[in-house]
Amino acid sequence: MPQSLARILVHLIYSTKNRQRFISPGLLPKLAAFQAGIYKDLGSPAIEIGGTTDHVHSLFVLSKTTELCDVIEEVKKGSSRWMKTQGPEYQDFFWQSGYGAFSVSQSHEDKVRRYILNQEEHHRELSFQDEFRVILRKHKVEFDERYVWD
């Protein structure tokens with residue numbers, strides 16, 4: 001086969017450092033648009049980006065030529081720098097050092113998109129930590145609570 005073809009969907013989740021509530025509802029669309037530009041520049045177009053005051057979910061198509069860890073590093077690094085330009089109240093903004101990245105089958109793309117769009121509703125009764133634990137268990141990711149949070 002002379003051509004390499006792939007479409008790998010990734011659901012990425014990470015929080016603000018110590019789950020500080022930095023991301024206001026008015027700022028979230030601007031943050032999502034900025035991050036979408038980074039994903040696009042890396043050849044990993046975003047399908048959906050959303051979240052709440054203390055964390056972000058992204059669904060994107062992983063580039064065939066860029067490693068997952070590099071995409072995540074660039075999105076987090078670039079958007080952290082951008083957040084710090086949004087006003088003096090964001091000077092202490094940081095993302096947590098870790099993340100969760102999960103493969104998504106094509107048949108579940110719409111379900112994950114809806115999940116990302118409904119973050120405010122999910123978090124009326126469920127904290128970020130509880131949500132993340134549920135997702136880790138669903139994807140059969142073993143974890144040690146001592147090293148998940150910062």
Side-chain angles (χ1 to χ4, degrees), residues 8-63 65-105 108-150:
I8 301 168
L9 302 178
V10 178
H11 180 190
L12 174 64
I13 308 166
Y14 53 93
S15 78
T16 58
K17 187 161 183 76
N18 299 315
R19 279 131 338 265
Q20 290 185 284
R21 298 179 180 276
F22 271 112
I23 309 167
S24 67
L27 185 59
L28 182 61
K30 296 173 190 173
L31 173 63
F34 186 83
Q35 288 184 336
I38 297 171
Y39 282 111
K40 182 180 177 186
D41 289 346
L42 295 170
S44 294
I47 297 168
E48 198 66 62
I49 301 172
T52 64
T53 59
D54 66 353
H55 71 282
V56 171
H57 291 253
S58 302
L59 177 64
F60 65 95
V61 180
L62 182 62
S63 165
T65 59
T66 308
E67 292 186 31
L68 176 62
C69 61
D70 294 335
V71 172
I72 296 168
E73 178 182 359
E74 291 303 316
V75 168
K76 288 175 68 177
K77 184 171 55 175
S79 61
S80 181
R81 279 195 300 258
W82 179 85
M83 284 289 289
K84 291 174 192 294
T85 70
Q86 300 308 297
E89 65 271 32
Y90 299 105
Q91 292 309 301
D92 294 327
F93 179 85
F94 293 96
W95 294 115
Q96 73 175 100
S97 57
Y99 60 85
F102 309 95
S103 60
V104 175
S105 69
H108 287 100
E109 178 179 350
D110 288 339
K111 182 178 180 181
V112 174
R113 286 186 77 191
R114 284 191 304 274
Y115 183 83
I116 292 171
L117 289 171
N118 290 316
Q119 281 297 292
E120 289 294 332
E121 181 180 319
H122 296 304
H123 291 288
R124 287 189 188 125
E125 299 178 13
L126 194 65
S127 71
F128 167 72
Q129 290 102 320
D130 289 339
E131 173 193 42
F132 197 62
R133 287 180 192 105
V134 167
I135 292 171
L136 288 170
R137 289 182 184 114
K138 178 182 176 183
H139 287 274
K140 299 183 180 181
V141 176
E142 292 185 26
F143 62 98
D144 185 331
E145 287 276 346
R146 296 175 295 172
Y147 305 110
V148 175
W149 318 112
D150 70 349

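Remember, predicted model here, so these are calculated numbers, not experimental data.
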**OP:** Please answer whether the main-chain N or O of S63 pairs with a side-chain N or O of S44 as donor and acceptor at a distance below 3.5 Å.
**Re:**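 Yes, because the side chain of S44 sits within donor-acceptor range (under 3.5 Å) of the backbone of S63.
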
**OP:** Ignoring hydrogens and angles, tell me if any N or O in the side chain of N18 forms a donor-acceptor pair with the backbone of Q20 under 3.5 Å.
**Re:**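 Side chain of N18 to backbone of Q20: no pair is present.
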
Original post:
Any cation-pi pair here, K76 with Y14, using under 6.0 Å and within 45°?
Top reply: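 Relative to the ring axis of Y14, which defines the angle, K76 lies inside both limits.
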
Atom [atom1] of [X] and atom [atom2] of [Y]: how far apart are they, to the nearest 0.5 Å?
{"X": "Q91", "Y": "K84", "atom1": "CD", "atom2": "NZ", "result": "7.0 Å"}
{"X": "R81", "Y": "F34", "atom1": "CZ", "atom2": "CZ", "result": "8.0 Å"}
{"X": "I47", "Y": "L9", "atom1": "CD1", "atom2": "CG", "result": "4.5 Å"}

Tell me the closest heavy-atom pair linking [X] and [Y], and the distance in Å.
{"X": "S24", "Y": "Y90", "answer": "OG-OH, 4.4 Å"}
{"X": "A46", "Y": "F60", "answer": "CA-CB, 3.8 Å"}
{"X": "L59", "Y": "E109", "answer": "CD2-O, 3.8 Å"}
{"X": "L28", "Y": "G51", "answer": "CD2-O, 3.4 Å"}
{"X": "Q35", "Y": "S58", "answer": "OE1-OG, 4.3 Å"}
{"X": "S97", "Y": "D150", "answer": "OG-OD2, 2.8 Å"}

Original post:
salt bridge (charged side-chain N to carboxylate O under 4.0 Å, His left out) with D130: which residues, sequence neighbours excluded?
Top reply: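 D130 satisfies salt bridge (charged side-chain N to carboxylate O under 4.0 Å, His left out) with R133 once adjacent residues are dropped.
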
Original post:
Is there a donor-acceptor contact under 3.5 Å linking the side chains of H55 and Q119?
Top reply: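 Indeed, the side chains of H55 and Q119 share at least one donor-acceptor pair under 3.5 Å.
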
Original post:
Taking atom types as modelled and ignoring hydrogens, do the side chains of S79 and W95 form a donor-acceptor contact shorter than 3.5 angstrom?
Top reply: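 Indeed, the side chains of S79 and W95 share at least one donor-acceptor pair under 3.5 Å.
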
Subject >> Positive for side chain to side chain donor-acceptor pair (under 3.5 Å) with R21, one of T52, T53, D54 >> reply: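 Between R21 and the candidates, side chain to side chain donor-acceptor pair (under 3.5 Å) is satisfied uniquely by T53.
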
**OP:** Walk me through it: do L31 and F22 pass the test side-chain contact (heavy atoms from CB on, under 4.5 Å)?
**Re:** CA-CA 11 Å; L31 173 63; F22 271 112; over 6 Å; no

**OP:** For the pair H123 and H57, name the ring-plane relationship: parallel under 30°, tilted 30 to 60°, perpendicular over 60°.
**Re:**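 Geometry flag for H57 against H123: tilted rings.
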
Donor-acceptor contacts, no H, no angles, side chain residues 67-74, under 3.5 Å, sequence neighbours left out:
residue: E74; atom: OE2; partner: K77; partner atom: NZ; Å: 3.3

